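In what follows, a structure is listed as structure tokens, so that the remarks can point back to it.
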Amino acid sequence: RREEESGRLKFVCYANDGIDQHMIWLIGLKNIFARQLPNMPKEYIVRLVMDRSHKSVMVIRHNHVVGGITFRPYVSQKFGEIAFLAITSDEQVKGYGTRLMNHLKQHARDVDGLTHFLTYADNNAVGYFIKQGFTKEINLEKDRWQGYIKEYDGGILMECRIDPKLPYT
Ligand code: SCA
């Protein structure tokens with residue numbers, strides 16, 4: 001039964017490209033973020049999800065978005081910044097968050113040529129990020145990221161190195 005369900009899972013990555021289906025999924029993802037990240041101003045969520053320099057990797061089941069990650073690739077600096085990450089509440093702790101992160105890493109490496117991710121993690125999400133290979137120790141040289149990413153109050157800067165060869169998905 002589980003396998004049957006996971007067989008209907010689809011992982012996609014889109015920016016705001018004006019295509020109807022992509023916009024419907026991005027709006028659905030924006031609503032999940034607004035609900036799951038209550039401390040984030042809704043206007044800020046909308047602005048970044050719809051911003052053309054951000055992309056979103058989304059989990060789609062039965063053609064509906066159930067979660068996703070919005071990130072900004074800094075291609076010249078070869079790193080990405082995770083802006084938001086959430087799975088809708090009734091689908092959490094089923095492994096979707098882990099698979100989503102693996103799809104993000106694969107896409108970022110193979111499509112954008114990135115070597116690292118950085119994020120300001122919420123305190124309560126630090127455990128999740130550690131399980132996904134993130135560390136509080138930042139090894140990326142400061143001149144590659146300083147001035148690019150926005151610092152945010154109450155978050156802890158975390159880093160993840162993307163393996164250059166590992167098949168993530
Ligand atoms: C899951 N796990 C956690 C955890 N959530 N561990 C510690 N703290 C948490 N909050 C563990 C699971 O038990 C599991 O461990 C492993 O992580 C992966 O679980 P999963 O099933 O793959 O995760 P899932 O529940 O699908 O997704 C995790 C996620 C979700 C954090 C996305 O719970 C969620 O949407 N939470 C509410 C929103 C949120 O907190 N988002 C992150 C905010 P085992 O493998 O050992 O079983 S931080 C953010 O958005 C970026 C920074 C910013 O700007 O806000």
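As the structure lists them, so they are numbered: ligands from 1, and atoms in each ligand from 1. Computed from a predicted model, the values in this text were never measured in an experiment.
The presence of a protein heavy atom under 4.0 Å from atom 29 (C) of ligand 1 is ruled out. Per-atom contact check: atom 47 (O) of ligand 1 does not touch the protein, criterion being a heavy-atom distance below 4.0 Å.
Put simply, the side chain of Ile24 reaches to within 4.5 Å of the side chain of Gln21, judged on heavy atoms. In this structure the side chain of Leu37 reaches within 4.5 angstrom of the side chain of Asp122, judged on heavy atoms. Put simply, the side chain of Leu104 does not reach to within 4.5 Å of the side chain of Phe11, judged on heavy atoms. Considering only heavy atoms from C-beta on, Phe134 comes within 4.5 Å of Met101 through its side chain. Annotation: side chain of Lys55 is in contact with side chain of Phe71 (closest heavy-atom distance under 4.5 Å). Using a 4.5 Å cut-off on side-chain heavy atoms (C-beta onward), Val12 and Tyr14 make contact. A heavy-atom distance below 4.5 Å is not found between the side chains of Asp51 and Asn16.
Residue-to-ligand polar distances keep Met40 apart from ligand 1: every N/O pair is separated by 3.5 Å or more. Considering backbone and side-chain N/O of Ala83, one or more are found under 3.5 Å from N/O of ligand 1. Taking distance alone, with nitrogen or oxygen atoms compared against 3.5 Å, Leu85 approaches ligand 1 more closely than that limit. Here's the thing with Ile82: none of its N/O atoms is less than 3.5 angstrom from an N/O atom of ligand 1.
Scanning all protein heavy atoms for the shortest distance to atom 26 (O) of ligand 1 gives Gly97 N, 2.8 Å. For atom 25 (O) of ligand 1, the closest non-hydrogen atom of the protein is Val93 N, 2.7 Å. The nearest heavy-atom contact from the protein to atom 21 (O) of ligand 1 is Gly95 N, 2.7 Å. The closest protein non-hydrogen atom to atom 34 (C) of ligand 1 is Gln92 NE2, 3.3 Å. At the shortest separation from atom 12 (C) of ligand 1 among protein heavy atoms lies Lys131 NZ, 4.3 Å. Atom 18 (C) of ligand 1 has its closest protein heavy atom at Thr98 OG1, 3.1 Å. Among all non-hydrogen protein atoms, the one lying nearest atom 52 (C) of ligand 1 is Tyr120 O, 2.7 Å.
Within the listing of ligand 1, atoms 42 (C), 43 (C), 48 (S) sit less than 4.0 angstrom from a heavy atom of Ala125. Near Phe84, meaning under 4.0 Å from any of its heavy atoms, are these atoms of ligand 1: 50 (O). If you number the atoms of ligand 1 from 1 as listed, the ones under 4.0 Å from a heavy atom of Gln36 come out as 37 (C), 38 (C).
Counting heavy atoms under 4.0 Å from ligand 1, residue Thr119 touches it through the side chain alone. Residue contacts with ligand 1, taken as heavy atom pairs separated by less than 4.0 Å, involve Lys94 solely via the backbone atoms N, CA, C and O. Counting heavy atoms closer than 4.0 Å to ligand 1, residue Leu37 contributes side-chain atoms (C-beta onward) but none from N, CA, C or O.
Nearest residue to atom 35 (O) of ligand 1 from Leu48, Ile87, Asn124 is Ile87 (criterion: closest heavy atom). Between atom 4 (C) of ligand 1 and the options Tyr96, Tyr128, Phe129, the minimum heavy-atom separation is to Tyr128.
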Apply the test side chain to side chain donor-acceptor pair (under 3.5 Å) to residues Gln132 and Thr98: give CA-CA distance (whole Å), side-chain angles for both, the deciding distance (0.1 Å), then the verdict.
-> CA-CA 7 Å; Gln132 307 307 320; Thr98 299; 3.2 Å; yes
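Remark: the backbone N or O of Val49 is not paired with any side-chain donor or acceptor of Thr70 at under 3.5 angstrom. Remark: the backbone N or O of Asn63 is paired with a side-chain donor or acceptor of Trp25 at under 3.5 angstrom.
Contact record, Trp145 with Leu140: NE1-O, 3.3 Å, taken as the closest heavy-atom pair.
By the rule that hydrophobic residues join a cluster once side-chain heavy atoms approach within less than 4.5 Å of another member, Val93 and Phe129 end up as members of separate clusters.
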